Amino acid sequence: MEYQIKGLAISNKDAAIQIKQSDIVFGTTSKSTEILPNPAELFLGAFASCMLKNVERFSSMMKFTYLKATVDVSAIRTEKPLKMDHIAYKLIIYSSDESLNIPLLKKNIEKFGTIYNTVKLSCNIDGAIEQEKDLLNN
């Protein structure tokens, strides 16, 4: 499988990447620091997207239903060398399905996630998956 994207940056302005029919604007100037995502945040967004895509993928394979899934991702960057050193996540599956096997889902995400597997080669990843059964209050 191959992937292709395009990117564009204009001097003293912010930049964008084009993926299929989506344009994703990101910050490259000090003016947009608090408004637009930076490249590190886009990287973490790809990590989170991989996890959420795999929840959907494995819901059919593992035969469980869910209302929604949320993931919180945080990271620690080192200065020398500049790199992501540690990523932590908390994935919550909102489901009253008794057949949801959290340990197996975690194992599958960690084994078959393309972005997850790429990142774990260069960075420590720590995380937890929880099931929230009280769907009326969420």
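The shown structure was predicted, so the numbers you read here are calculated from the model rather than taken from an experiment.
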Note: L91 and I93 closest approach over all heavy atoms is CG-CD1, 4.0 Å
M84 and A40 have their tightest heavy-atom pair at CE-CB, 3.5 Å
For this session: Report yes or no: does E41 contribute a side-chain atom to a donor-acceptor pair with the main-chain N or O of N38 at less than 3.5 Å?
Result: yes
- Message: Looking at N54 and R57, would you say the former's side chain and the latter's main chain have a donor-acceptor pair under 3.5 Å?
- Response: no
On a heavy-atom basis, the closest approach of S96 and K133 is CB-O, 4.3 Å
dist L52:CG -> I109:CD1 (nearest 0.5 Å) comes out at 8.5 Å
Between the CD atom in E110 and the CD1 atom in I125, the distance rounded to the nearest 0.5 Å is 7.5 Å
- Group every Ile, Leu, Val, Met, Phe, Trp and Tyr by side-chain heavy-atom contacts under 4.5 Å, then state whether L67 and V55 land in the same group. no
Hydrophobic cluster membership, with links at side-chain heavy-atom distances under 4.5 Å among I/L/V/M/F/W/Y: are I102 and I92 in one? no
Q.
Is any side-chain heavy atom of I129 closer than 4.5 Å to one of Y89?
A. yes
Value for CD (Q131) from CD (E98), rounded to nearest 0.5 Å, stands at 7.0 Å
message = Can you tell me if K107 has over 12 outside heavy atoms packed within less than 6.0 Å of its NZ?
response = no
Query - Min side-chain heavy-atom separation F58-N101 under 4.5 Å - result: no
In terms of heavy-atom contacts, M62 and N108 come closest through SD-ND2, 3.6 Å
Test side chain to side chain contact (heavy atoms under 4.5 Å, CB included) on F43 and I87; report intermediate values, then the result.
CA-CA 11 Å; F43 171 77; I87 293 177; 4.0 Å; yes
To the nearest 0.5 Å, atom NZ of K106 lies from atom CD of E130 at 11.5 Å
Nearest heavy-atom contact between G27 and D14 is CA-OD1, 3.3 Å
- Joint cluster assignment, F112 & L100, ILVMFWY side-chain distance < 4.5 Å: yes
Tell me whether S95 contacts the main-chain N or O of T65 through its side chain, where contact means a donor paired with an acceptor under 3.5 Å. yes
For residues 70-77, tabulate all N or O donor-acceptor pairs below 3.5 Å that involve a side-chain atom, not counting sequence neighbours.
residue : atom : partner : partner atom : Å
R77     : NH2  : E79     : OE1          : 3.4
R77     : NH2  : E79     : OE2          : 2.8

Verify, without hydrogens or angle tests, whether T28 (side chain) and K13 (backbone) share a donor-acceptor contact under 3.5 angstrom.
yes
Given side chains that start at C-beta, do those of D97 and Y66 come closer than 4.5 Å, heavy atoms only? no
**OP:** Flag yes if I5 and L42 sit in one hydrophobic cluster, no otherwise; membership is Ile, Leu, Val, Met, Phe, Trp, Tyr, and two members link when side-chain heavy atoms are under 4.5 Å apart.
**Re:** yes
The reported gap from CD1 in I35 to OG1 in T29 (rounded to nearest 0.5 angstrom) is 8.5 Å
Smallest heavy-atom separation, H86 atom then A88 atom, equals CE1-CB, 4.0 Å
Does a sphere of radius 6.0 Å around NZ in K20 hold more than 12 heavy atoms from other residues, nucleotides or ligands, not counting ones at 6.0 Å or beyond? no
Hits for ring pair (Phe, Tyr, Trp, His ring centres under 6.0 Å) against Y116, two or more places apart or cross-chain, chain-then-number order -> F47
**Item:** N124 backbone acceptor or donor facing D85 side chain under 3.5 Å
**Value:** no
